[in-house]
Number of protein chains: 2
Amino acid sequence: MGGERRTARESVAAAAADLFAEQGYARTTIREIAARASVDPALVIRYSGSKEALFVDAMTSRAGAALDLDGPLDGLGERIVRYVLEADDGLRSTYLALVRASDADRVGSLLRTFHDEAFVSPLLARLTGPDREVRARLVAAMVGGLMYALWTVGDDALRAVPTAQVVDVYAPGIQRLVTRRGDRP
Amino acid sequence: MGGERRTARESVAAAAADLFAEQGYARTTIREIAARASVDPALVIRYSGSKEALFVDAMTSRAGAALDLDGPLDGLGERIVRYVLEADDGLRSTYLALVRASDADRVGSLLRTFHDEAFVSPLLARLTGPDREVRARLVAAMVGGLMYALWTVGDDALRAVPTAQVVDVYAPGIQRLVTRRGDRP
DNA sequence: TCGCAAAGTCAATATTGTTGACATCGCAGG
DNA sequence: CCTGCGATGTCAACAATATTGACTTTGCGA
């Protein structure tokens with residue numbers, strides 16, 4: 001319970017986090033993690049109990065970056081789109097690894113938590129109005145859609161479009177949900 | 001090349017399609033498929049060459065349902081949203097299986113094809129204007145976002161919202177991209 | 001009827017995650 | 001100082017997996 005001193009467990013955790021993010025769950029082997037951490041394969045299992053648990057731990061440690069929604073409500077749609085378009089490899093590989101391993105129960109619920117804490121909750125905190133819950137969840141869906149198209153599907157044609165143009169086309173739809181507005185035109 | 005008579009290859013193909021859709025790629029074993037088809041495990045490999053190739057074949061046979069975009073452009077946003085919300089298990093399980101196995105190269109490119117043929121191309125055919133390509137791809141992203149939130153993430157709170165309300169909130173954003181409109185208000 | 005290619009079977013292999021039995025080390029208590 | 005003892009690590013083995021090589025069976029045309 002208390003506190004670990006240093007290396008050993010830590011280097012296994014680091015190796016796991018790196019390799020899982022680089023190669024995903026399926027392509028990464030326990031023995032590979034053990035090798036990188038200079039440790040016996042059996043030991044890395046002893047630590048976490050199972051490969052799945054190790055994966056969940058590793059991804060939990062990486063899933064810290066939540067969406068920053070401070071600042072005026074006005075430019076929020078644009079800032080959100082830019083956030084995804086300019087995201088670093090860290091977010092992309094974490095997202096991909098989680099999505100692709102999400103048929104394991106514990107990973108699925110981690111993805112749900114990640115989605116909630118990174119997108120839905122921060123949005124909910126800034127929205128007002130009667131249907132703010134639905135709007136927050138649908139904004140999160142739009143953000144997820146962008147990540148899905150760019151990363152999961154890998155739409156190269158979309159990736160090639162200049163940031164400014166994607167912002168111009170996609171952001172208004174998000175902004176409309178952020179700053180209320182009549183449902184039907 | 002000509003034509004198979006009936007059972008054997010066919011029953012393996014059927015068993016594979018069913019099991020992969022039900023359980024996904026990782027949880028489905030070659031031996032399980034063989035058992036359901038009453039066939040030797042080695043044989044099912046002999047047919048397709050590898051588990052991955054078998055998966056690609058099976059999913060290709062299931063990925064036929066493209067989005068129907070006939071009818072007036074006006075209600076199109078609403079019809080698209082309804083299409084996803086009221087989709088049958090077939091589309092959902094095909095989508096999930098593809099997404100979760102998409103780190104295998106051939107599956108990834110199948111997912112790209114599926115995304116393109118089912119959503120981007122039909123949309124492109126109906127849109128006009130200079131940036132129609134970007135708009136089509138971003139509408140596809142919005143559709144993907146809905147599937148992502150509902151199915152990959154499994155946002156129960158969103159799933160519990162009445163169809164009409166989701167349509168009211170989400171469809172206008174899609175409709176705006178379908179029927180042109182100034183980028184900035 | 002014979003022969004031969006296609007179809008199917010069987011046993012073996014390499015790789016995986018995981019576990020049980022053992023070894024080793026650090027350190028508190030006599 | 002030594003003696004245990006629990007934590008930490010190691011080794012070999014296990015069961016399950018996809019895949020392959022050698023073999024047998026079968027259907028069918030010459």
Side-chain angles (χ1 to χ4, degrees), chain A residues 1-59 97 100-108 110, chain B residues 1-59 97 100-108 110:
Chain A
M1 280 119 228
E4 255 61 80
R5 294 293 179 241
R6 63 198 67 189
T7 64
R9 269 189 142 85
E10 303 253 336
S11 74
V12 166
D18 286 356
L19 286 172
F20 279 139
E22 274 175 38
Q23 311 179 330
Y25 180 80
R27 309 183 89 91
T28 303
T29 165
I30 289 286
R31 287 170 159 87
E32 199 178 357
I33 294 172
R36 176 171 295 202
S38 305
V39 138
D40 190 281
L43 190 58
V44 17
I45 283 286
R46 290 250 127 85
Y47 282 155
S48 295
S50 74
K51 184 186 176 185
E52 185 182 325
L54 176 61
F55 179 77
V56 169
D57 290 350
M59 292 331 257
R100 286 170 173 162
S102 64
D103 65 336
D105 301 3
R106 306 172 58 177
V107 178
L110 177 60
Chain B
M1 274 125 225
E4 255 59 81
R5 294 292 178 241
R6 60 198 67 186
T7 62
R9 268 189 144 87
E10 301 254 337
S11 73
V12 166
D18 286 357
L19 287 172
F20 279 138
E22 273 174 40
Q23 311 178 330
Y25 180 79
R27 309 183 88 93
T28 303
T29 165
I30 289 284
R31 287 166 156 86
E32 200 178 355
I33 295 172
R36 175 172 298 202
S38 306
V39 139
D40 190 282
L43 190 57
V44 17
I45 285 284
R46 290 250 127 86
Y47 282 155
S48 294
S50 74
K51 184 184 174 185
E52 185 183 324
L54 176 62
F55 179 77
V56 169
D57 289 351
M59 292 330 258
R100 285 171 173 160
S102 64
D103 66 335
D105 301 3
R106 305 172 59 176
V107 178
L110 177 60

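To find a chain, count down the sequence lines: A is the first, B the second, and so on, and within it residues start at 1.
Taking Glu32(B) as the reference, Gln23(B) meet the side chain to side chain donor-acceptor pair (under 3.5 Å) condition, with sequence neighbours excluded. Qualifying side-chain contact (heavy atoms from CB on, under 4.5 Å) partners for Ile45(B), counting only residues two or more places apart in sequence or in other chains: Ile30(B). Not counting sequence neighbours, the partners of Ala37(B) by the side-chain contact (heavy atoms from CB on, under 4.5 Å) test are Ser11(B), Val12(B), Ala15(B), Val39(B). Taking the side-chain contact (heavy atoms from CB on, under 4.5 Å) definition, one finds that Ala53(B) meets it with Ser48(B), Ser50(B), Arg106(B), sequence neighbours left out. Residues forming a side-chain contact (heavy atoms from CB on, under 4.5 Å) with Ser38(A) (at least two apart in sequence, or on another chain): none.
If you measure from atom CZ of Arg27(A) to atom P of dT16(C), you get 12 Å, rounded to the nearest angstrom. The CG-P distance, from Leu43(A) to dA7(D), rounds to 15 Å in whole Å.
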Classify every nucleotide of nucleotides 17-23 of chain C by which part a protein heavy atom approaches to under 4.0 Å, writing B for the base, S for the sugar-phosphate alone and - for neither, in 5'-to-3' order. BBBBB--
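For Tyr47(B) and dA7(C), the shortest distance from a side-chain N or O to OP1 or OP2 is not below 4.0 Å.
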